[in-house]
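Atoms within each ligand, like the ligands themselves, are counted from 1 in listed order.
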Amino acid sequence: MTTVDQPGLDPALADPALADLHRGFAAEHLVPLWTEVGDLMPAHPRSQACAHLWRWNRLLELADRAGHLVPVGRGGERRALALANPGLPGRPFATPTIWAAIQYLMPHEDAPEHRHSQHAFRFVVEGHGVATVVEGDPVAMRRGDFLPQAGLNRHAHHNTADRPMAWIDGLDIPLQYALDTQFFDVGRDAISAAERVLPPRSRSEKLWGHPGLTPVGHRSQRPGSPLLAYRWEHTDAALTDQLELQRTGHPGTVEPGHALVRFTDPRTGGDALPTIRAQFHRIARGVTTAPRRETGSSVYQVFDGSGLVRVGESTWSVTRGDLFVVPSWQAVSVTSQAGASDSDSGALDLFQFGDAPVLHRLGLFRSEVDA
Ligand code: GTQ
Ligand code: FE2
C-alpha cells in the first residue's frame, strides 16, 4: 500500500533509478516497510472483520433445509453452518479468531465421534433432546445451557428426540488456523447404547457442579473446565440476584441495570476454556449500557428479549436468537426494549463469547468506556 502523501514512492511514477530499486526488492522477495507502515502499524486496531448481524429465523430455516437434504457422517463430521464475516472473504470465520456456527441434528440422528486440538463449546438458545457425549459422558443440552468441550476431548452428538434440534457452536478454529496448531482424530464410528440416553445430570456435573466444592482425589490435569454443563437455572439465578442486590442498594452489577457473569473453570476461577471467554449479560428494562471498546473480538447471541444494538457505525434491532459480531476496538452499546411478545421483565439477555483469554495472557488486552 503506497501512502498518498509520498507519491514518489510508487515505482511506476518514480524516476528510473527508484523504479529499478523496487524491481530489485520484488526479485528478492523484499518489501520496504515505508510503503506498508500505515496498514501494518495503525494508531489503533482497524479490523478487517465487519460488525455484522445474522437473523436466527433465517439461520434456522436454512439449517432445517440442510437437515432434509444433507446427511451427517464421516468426512463432513457435522451439519454446521458457519457465520462467515463479510470482511474476511474466502474463509468461514466470524472474526479473525472465532468460529461460530449453527449446528442441526434431525430426530434420532448422530454426529460421529472425533477429537481435535480446537477448543469448543455449545450454547442452546431453544430446544432440547440432544446429548453431547464427551469422553463417554452423555451431557443433556437444554435451552440456556453453556457446554464447554476443551481441546482433545472426544465428542459425539446424539438426538434422542422425535424433533430436530439446533444450537450454536463456538470454537477457536481461526486462531489455530493462523497459529498452525491443529490436530484431529476420528473416534468410534458409533457410540454405545449406554451413551444414547439423556440423564438429567452428567457425570461431570456430579463431580464438579457443586458451588465451592472441589472433589478431593480426582485428578483432572487437562486444560479447560472439567464441568461440561453450566445450567441455565444457575445462570438465571445469578443474574436475577445481581440486579436485585443493586435495586436494594448493594454492590452487585457491573454498571446500573447491567448484570454480567462469566463461565469459569471451577478449579481455577479462570475462563472455562483456554482461548475462549464466555459471558452472560442481562440488561434490565429500559437500560442502555455505556459504549465500551476492547481489543479482541466477540460474537453475541440474543437469548431473550429484544433491543437495539450499536456496534461501531452499525445499529440493529435484535430479537431472540439473532447473532452479531463485535470486531476489535469497535464500541458496543445495547438498549433493552420491551416488545409486545416479550417476557414480562422487559430485560435483554445476551450470551457473549470471544478471544479475551488469549489477549489477557499475551498482555494485549485493553478496554475503554466512552464517556
Ligand atoms: O460439533 O464437534 O461447528 O468439530 C465445527 C467443528 C462443530 C463439533 C463445529 C466441530 C464441531
Ligand atoms: Fe468437534
[X] with [Y]: basic N within carboxylate O range, under 4.0 Å:
X	Y	result
R46	D39	no
D110	R196	yes
R320	E126	no
E113	R154	no
R231	E205	yes
D355	R277	no

Residue [X] vicinity, atoms of ligand 1 by number, heavy atom under 4.0 Å:
X	answer
R122	1 (O), 2 (O), 7 (C), 8 (C), 11 (C)
A80	3 (O)
A101	3 (O)

Say whether Q118 and ligand 1 are in contact under the criterion: heavy-atom distance to a ligand atom below 4.0 Å. no
So, does Q149 sit close enough to ligand 1 that a heavy atom of it is under 4.0 Å from the ligand? no
Heavy-atom nearest neighbour in the protein, as seen from [atom], with distance rounded to 0.1 Å:
atom	answer
atom 11 (C) of ligand 1	R78 CG, 3.6 Å
atom 5 (C) of ligand 1	W99 NE1, 3.6 Å
atom 1 (O) of ligand 1	H157 NE2, 2.7 Å
atom 6 (C) of ligand 1	L171 CD2, 3.9 Å

Honestly curious: do L171 and L175 fall in one hydrophobic cluster under the side-chain, below-4.5 Å linking rule? no
Looking at H116, which of its N, O or S atoms is the nearest one to the Fe ion (ligand 2)? NE2
The single option from Y230, Y300, F303, F146 passing ring pair (Phe, Tyr, Trp, His ring centres under 6.0 Å) against F280: F303
At under 4.0 Å between heavy atoms, is it the side chain or the backbone of E77 that contacts ligand 1, or both, or neither? neither
Just heavy atoms, cut-off under 4.0 Å: does Q103 contact ligand 1 by side chain, backbone, both, or neither? side chain
Nearest non-hydrogen contact to atom 9 (C) of ligand 1 from the set I173, D169, T132 belongs to D169
Testing the 3.5 Å rule here: is there a donor-acceptor pair between the side chains of Q176 and Q182? no
